[in-house]
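First the structure, in the form of structure tokens, and then the observations on it.
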There are 2 protein chains.
Amino acid sequence: MSEAASGGESLLFLTDEQLRKGIEAMFFAYRGFTADPDRILDGMDYGRAHHRAIHFIHRSPGTTVNNLLSILGVTKQSLNRVLRTLIDDGLVESRVGRVDKRERHLFLTPKGADLERTLSDAQRARMRAAYRAAGPVAVQGFRQVLEAMMDPDQRRQYQTLKEGGA
Amino acid sequence: MSEAASGGESLLFLTDEQLRKGIEAMFFAYRGFTADPDRILDGMDYGRAHHRAIHFIHRSPGTTVNNLLSILGVTKQSLNRVLRTLIDDGLVESRVGRVDKRERHLFLTPKGADLERTLSDAQRARMRAAYRAAGPVAVQGFRQVLEAMMDPDQRRQYQTLKEGGA
DNA sequence: GAAGTTACGTCAGCCTTGTTGACTTTCCAA
DNA sequence: TTGGAAAGTCAACAAGGCTGACGTAACTTC
């Protein structure tokens with residue numbers, strides 16, 4: 001490659017060996033990433049799927065079922081099972097749309113917001129520790145690589161969420 | 001916090017908002033991370049669990065079942081089901097240990113190595129594109145944050161693997 | 001106003017991949 | 001020789017994905 005010859009900055013970070021380390025880092029890190037919420041949910045009747053639904057409803061209150069579907073990337077049957085229990089248990093409220101009555105807008109109830117806080121506090125605590133240990137420059141790189149790793153569709157959704165919350 | 005007051009470099013990267021973005025980035029990126037191998041495996045009778053087993057057997061040829069168990073973090077019954085099909089299909093070979101005949105040492109057959117290559121080529125291609133897009137500095141930060149995010153046990157295993165392959 | 005489309009919910013059934021628990025066989029080591 | 005570790009296996013179950021089919025209400029289009 002020309003860059004390797006032209007400059008001191010080589011392309012050694014693109015070797016298969018380096019890529020493999022990145023792949024394994026993703027594998028192990030994701031386990032850590034989900035470990036704390038999983039532990040909390042383990043006692044309750046909920047799982048990771050409930051966590052995801054709660055997260056994104058909290059994130060975008062009033063979101064429609066269809067919208068949530070496309071963010072989570074699952075089928076409506078799969079989401080419905082999860083949503084059903086959350087609504088029945090009084091963690092999520094489903095309101096019929098005003099302008100389009102076919103739509104259901106989803107909101108967390110106070111009880112749902114409580115669980116959301118418990119879960120995200122735990123997940124953020126780990127994230128915060130990792131960020132603090134690695135420092136702001138590393139964090140920027142972390143985010144850059146993750147964004148580059150997403151599928152275009154996913155990246156668009158991520159960007160939309162990112163802007164909305166900024 | 002004193003650092004925020006003391007220096008120009010603030011701790012804004014540790015705000016809940018920034019942490020939430022990191023959490024969502026992990027969520028969407030992991031989907032991309034697994035998408036390509038998943039697509040390949042979809043046609044065959046295998047799934048993500050088979051991919052993981054194949055990856056780590058390739059990574060550490062001759063590893064024992066117990067060792068693989070602790071790396072993958074699943075029960076032996078769960079791993080056994082996956083391993084059973086891979087052995088029956090002639091992708092993995094299980095050799096009785098020489099010094100300790102209770103142990104089984106696992107190896108990929110040529111056929112298994114073929115599939116491993118197909119899968120890891122696809123996964124590395126995406127990784128490489130992401131690395132290239134983000135650049136070496138970002139990649140270093142990426143790896144730092146991921147390592148800091150792991151549980152201590154996972155980090156130890158990751159480090160061991162990392163050194164072994166370096 | 002009729003016909004088609006969209007949003008949502010639900011029933012039924014299936015698959016993968018994780019779990020526990022119980023039990024056997026094999027084999028090393030004290 | 002006996003206890004315990006390693007491995008394998010059977011059975012049962014649960015979470016959380018999936019497809020397919022169907023129903024209903026509401027919106028859109030012709």
Side-chain angles (χ1 to χ4, degrees), chain A residues 27 30-31 34-35 37-57 62-89 92-107, chain B residues 27 30-31 34-35 37-57 62-89 92-107:
Chain A
F27 172 71
Y30 198 77
R31 283 238 298 264
T34 57
D38 281 357
R39 231 187 319 272
I40 293 169
L41 290 161
D42 201 38
M44 321 185 190
D45 284 351
Y46 305 126
R48 206 177 286 179
H50 301 84
H51 180 197
R52 291 200 279 257
I54 287 173
H55 174 97
F56 286 108
I57 293 172
T63 186
T64 64
V65 173
N66 246 357
N67 187 32
L68 196 52
L69 237 39
S70 77
I71 288 173
L72 296 175
V74 298
T75 60
K76 63 172 178 171
Q77 294 92 330
S78 201
L79 176 60
N80 193 253
R81 177 171 35 200
V82 165
L83 227 41
R84 188 75 268 138
T85 68
L86 291 176
I87 292 170
D88 288 351
D89 295 353
V92 167
E93 191 192 348
S94 166
R95 293 184 209 152
V96 171
R98 282 199 210 175
V99 332
D100 186 336
K101 293 182 194 164
R102 290 171 305 177
E103 296 180 336
R104 301 299 137 91
H105 298 277
L106 304 169
F107 300 86
Chain B
F27 172 71
Y30 198 78
R31 284 238 297 263
T34 58
D38 281 357
R39 233 187 317 274
I40 293 169
L41 289 161
D42 201 38
M44 321 186 190
D45 283 351
Y46 306 125
R48 206 176 288 180
H50 300 86
H51 180 197
R52 290 200 279 256
I54 287 173
H55 174 95
F56 285 108
I57 293 171
T63 186
T64 63
V65 173
N66 244 0
N67 187 32
L68 196 52
L69 237 42
S70 76
I71 288 173
L72 296 175
V74 298
T75 60
K76 63 173 178 172
Q77 293 91 330
S78 198
L79 176 59
N80 193 255
R81 177 172 33 202
V82 165
L83 229 38
R84 187 76 267 139
T85 69
L86 291 175
I87 292 170
D88 288 351
D89 295 353
V92 167
E93 192 192 347
S94 167
R95 293 186 209 152
V96 172
R98 282 199 211 176
V99 333
D100 186 337
K101 294 181 193 165
R102 290 168 304 180
E103 296 181 337
R104 302 299 137 94
H105 298 276
L106 303 170
F107 301 87

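Below, all heavy atoms of this structure are taken into account, side chains as well, without hydrogens, waters or symmetry copies. Proteins come first, then strands; the chains are lettered A, B, ... in the order of their sequence lines, and each starts at number 1.
- The nearest pair of heavy atoms linking A:A49 to A:V82 is CB-CG2, 3.7 Å.
- Nearest-nucleotide mapping onto DNA chain D: of A:R98 and B:V65, the residue sitting toward the 5' end is B:V65.
- Across all strands, B:V96 comes closer than 4.0 Å to no nucleic acid atom at all (heavy-atom distances).
- When DNA chain C is scanned in the 5' to 3' direction for atoms under 4.0 Å from non-hydrogen atoms of chain A, the outermost contacting nucleotides are C:dT6 to C:dC11.
- Using a 30° and 60° split on the angle between ring planes, B:H55 and B:H51 fall in the perpendicular class, above 60°.
- Distance B:E103 CD to D:dG4 P: 20 Å, rounded to the nearest Å.
- A distance of 9.5 Å separates CZ in B:R52 from OG1 in B:T34, rounded to the nearest 0.5 Å.
- Considering every non-hydrogen atom in both A:S94 and A:R104, the closest pair reads OG-CB, 3.5 Å.
- Listed for the B:R48 side chain is no donor-acceptor partner under 3.5 Å among the backbone atoms of B:P37.
- Here the closest heavy-atom approach between residue B:K101 and residue B:R98 is recorded as CG-O, 4.1 Å.
- Under the 30°/60° scheme for interplanar angles, the aromatic rings of A:F56 and B:F27 are found to be tilted.
- With rounding to the nearest 0.5 angstrom, the CD1 atom of A:I54 is 5.0 Å from the CG atom of A:L86.
- One interatomic measurement links the two molecules: CG of A:D42 to C1' of D:dA14, which rounds to 12 Å at whole-angstrom precision.
- What separates CG of B:N67 from P of D:dA5 is a distance of 18 Å, to the nearest Å.
- When the P atom of D:dG8 is taken as reference, atom NE2 of B:H105 falls 11 Å away, rounded to whole Å.
- When every heavy atom of B:D45 is checked against every heavy atom of B:H50, the shortest pair comes out as O-CE1, 4.3 Å.
- Contact annotation: A:H50 side-chain N/O to D:dG16 OP1/OP2 distance is under 4.0 Å.
- No hydrogens or angles were tested; on distance alone, nothing pairs the side chain of A:R102 with the base of D:dA25 as donor and acceptor under 3.5 Å.
- The interatomic distance linking A:L86 (CG) with D:dG16 (P) rounds to 10 Å, in whole Å.
- To the nearest angstrom, P of D:dG16 lies 13 Å from NE2 of A:H51.
- Annotation: proximity of residues 69-81 of chain B to DNA chain D (heavy atom, distance under 4.0 Å) is found for B:K76, B:Q77, B:N80, numbered in ascending order.
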